[in-house]
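Step one of this worksheet: look at the structure below.
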Amino acid sequence: MPIDNYFSGMNPNLLQTPIDYLKGVGPNRADLLKKELGIFTYQDLLNLFPNRYLDRTKYYKIAELQRNNADVQVIGKITHIKMVEQKRGKRLVATYRDETGVMELVWFRGHKWIKENLKLNVPYVAFGKANHFNNGFSIPHPELELLKEHQQKLRSALQPIYPSTEKLSNSGITNRVVSGLMEQLFKETQSKFAETLSPTLIKSLKLVSKSKAIFNIHFPENGDLLARATYRLKFEELFYIQLQLLLKNLIHKSKIKGYPFNAIGDYFNTFYNEHLPFNLTGAQKRVLKEIRSDLGSNAQMNRLLQGDVGSGKTIVAFLSMLMALDNGFQACLMAPTEILSVQHYTDISEMCKKLDISVSLLTGSSKTSERRVIHKALEDGSLQLLIGTHALLEDKVKFKNLGLAIIDEQHRFGVAQRSKLWHKNEYPPHVLVMTATPIPRTLAMSVYGDLDISVIDELPPGRKDIKTVHRFDSNRLKVFKFIRDEIELGRQIYIVYPLIQESEALDYKDLMDGYESVAREFPQPKYQISIVHGQMKPADKEYEMQRFIKGETQIMVATTVIEVGVNVPNASVMVIESAERFGLSQLHQLRGRVGRGAEQSYCILMTSFKLSADAKTRIETMTRTSDGFEIAEVDLKLRGPGDIMGTQQSGVLNLRIADLLKDGEILKIARSYAFQVLKEDPALQQEKNKPLKDTYAQMAKYKNIWNYIS
Ligand code: ADP
Ligand code: MG
């Protein structure tokens, strides 16, 4: 069918008509619809999709009614009406009969109107919940409709139940009213809606047309058509989000040029061939290839690297930085905490020594004199690598030619900070963002669709699974004994306490009480204990950390400051106190601190007896699996996408019909089709893609798309 026919008989702007103009919507209703449901136009009403459907294919005979029936509908006649006095007020009771028996319809309110309007001995359809009492059934406040009207209605067997609010139903905008408005809308538009997907997509995915989908979502003709309508609309919703994200990515690539790193040179080759401390995993190699291909192209790299704790992101970062150095550029690595920057610096400067590369550390506690030297060396280009914290973002830090910026643990830095880094230099450097907090794939595809994503989904070989157990506080003595045995074997122990901002003082006390009881149990001089918490000066923290790293202390008592990445391979036990108070991803991060060496490692989750349902799920998940992606999926289910991504990305919550938790498969398909379409026709200029272009333009114009992405 030629595209134009899709639009025939329809004024394309009709759907932008203000809702006030719809017959049946007066100023009051218009106001409520706008305020309560955000419905401003015909289009908005059309996109109010039902939450669920009631099956109205079945009509019950009175004799068939069962005590456990849910909603039922019964065809019958009212033969008698009476008022019955009761303790408080009155009730109106109608006797309702069919050929098999008799039952009652009951009203506790609105008697006058009902009494005046009920017709005796005319066939009705009564719908509602049937209660059993005194050997009979009654339906309180039934939906009641004359059989004749019922049959004439543009109504389907599956009755939609629309989203509503208390205010709406209290103001008389019931589900039935909304259904009525929807019917009116379909009359005024003649149920014809412009096709919004291309014929190619419709054909290859065997989708129902837009008009058919929209009709069936509101007035399902049967279960099968409803399912097909739902699929098509979910696909469409996810498809346009992906199209938008991929377009952004394309535009970014074509507009934002990056320095092409053409050469793989001496630094990379020498290190790779002579100094690699281990064989790279397949996943590490694959990710390096992806990065290499980005860096070799003419576009600025904008890549997210996801890899579980311990999956070996650091070496990937280092090898990528060598690619920059080989092309005469500088590189930097930014980490969210001082401790983590120091750790990176220690590891990386070790490797740099072998290649004679100059590298410095810049953090909040760098001395002014050190800073001056670093600033100068950065500007004259004699300093090749810079590692540090937010301090890297200060205005005084100017690179001669920054070619690659790597950011570890991206969720701690805002996007604004990220872009600030880009503009340090004349041209933006390539950006690699590394995160150890796996984001479920479905979510990543929706919110990071404009970044390229690499995943390290394989742990280095020989890593033993961490044995994770749950222990109640009452078993503490046994846990202490276990710790003592491990120390006897030469291992080190973490004991972590929660620190949540709102109750910082309380948590601090918990930590100190905990520390004292640990100190009593493990007395000096036989045992040495480090303690690290947020209220300490950076230098003191660093000192305590170093004692633990060097093995001078056997136990590290800490708040969650150690969450993000210290590497002490000899530590084999992670005890998490009040584990019920930690989120899943935090627990997973903490557990990742052990299991870094050759020894069997353990994670002990200590809790009180009282656990909420969610806390139980979290603990159960932790003891069952160590797969970061699986844990992230559970986390997503428990907390919802908004919570996980923070408010910035809460737009993903505004999906109208698709559900990120359930529709991951459709999302994948939508993404791959969006990708294919743009690959073939990046500007959507081909005739067959006209519906896509038009819809996209329309969405942008009316800002629908910005609900999803902002
Ligand atoms: P993360 O991804 O959490 O940053 P790291 O880069 O700190 O992980 O790596 C964790 C540990 O695994 C380090 O001690 C590192 O040297 C080691 N490692 C990384 N890759 C490999 C590999 N391919 N084979 C063996 N050990 C590796
Ligand atoms: Mg790391």
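Note that these values count all heavy atoms, side chains included, but never hydrogens, waters or copies made by symmetry. Atoms within a ligand are numbered from 1 in the order they appear, just like the ligands themselves. From a predicted model like this one, the values you see are computed outputs, not experimental measurements.
- At distances below 3.5 Å, at least one donor-acceptor pair connects side-chain atoms of T621 with backbone N or O atoms of T617.
- Contact check on E665 versus K668 returns a salt bridge, with a Lys/Arg side-chain nitrogen under 4.0 Å from an Asp/Glu carboxylate oxygen.
- For atom 7 (O) of ligand 1, the nearest non-hydrogen atom from the set T314, L459, L340, V316 comes from T314.
- Between the side chains of T607 and E580, no donor-acceptor pair of N or O atoms lies under 3.5 Å.
- Every atom of ligand 1 with a heavy atom of S311 under 4.0 Å away is listed here by number and element: 2 (O), 8 (O).
- Distances from atom 2 (O) of ligand 1 to the heavy atoms of R596, K313, H344, K285 show the closest one on K313.
- At a heavy-atom distance under 4.0 Å, no atom of I456 approaches ligand 1.
- For residues 351-360, the salt bridge (charged side-chain N to carboxylate O under 4.0 Å, His left out) pairs, not counting sequence neighbours, are E350-K353.
- Heavy-atom contacts of T281 reach the following atoms of ligand 1: 23 (N) (cutoff under 4.0 Å).
- Defined by atom type and a distance below 3.5 Å, a donor-acceptor pair is present between the side-chain atoms of D408 and H344.
- Side-chain contact check for T435 and Q306: no donor-acceptor pair (N or O, by modelled atom type) lies under 3.5 Å.
- Contact between G307 and ligand 1 is absent, with no heavy atom of the residue lying under 4.0 Å from the ligand.
- Heavy atoms of Q284 found under 4.0 angstrom from ligand 1 belong exclusively to the side chain.
- Residue D347 places every heavy atom at 4.0 Å or more from ligand 1.
- With a 4.0 Å cut-off on non-hydrogen atoms, D408 does not touch ligand 1 at all.
- With a 4.0 Å heavy-atom cut-off, ligand 1 is reached by the backbone of L280 but not by any atom from C-beta on.
- In summary, the atoms of ligand 1 found under 4.0 Å from a heavy atom of N279, numbered by their order in the structure, are 22 (C), 23 (N), 24 (N).
- For the 3.5 Å distance criterion, the side chains of S626 and R591 fail to qualify, holding no donor opposite an acceptor.
- Close approach of ligand 1 to D308 is summarised as follows: ligand atoms under 4.0 Å from at least one heavy atom of the residue are 2 (O).
- For ligand 1, the polar-atom distance check finds no N/O of P461 at less than 3.5 Å from any of the ligand's N/O atoms.
- The existence of a salt bridge linking R547 and E544 is confirmed by a sub-4.0 Å separation between a basic side-chain nitrogen and an acidic carboxylate oxygen.
- For the residue pair S454 and E290, a side-chain donor N or O sits within less than 3.5 Å of a side-chain acceptor on the partner.
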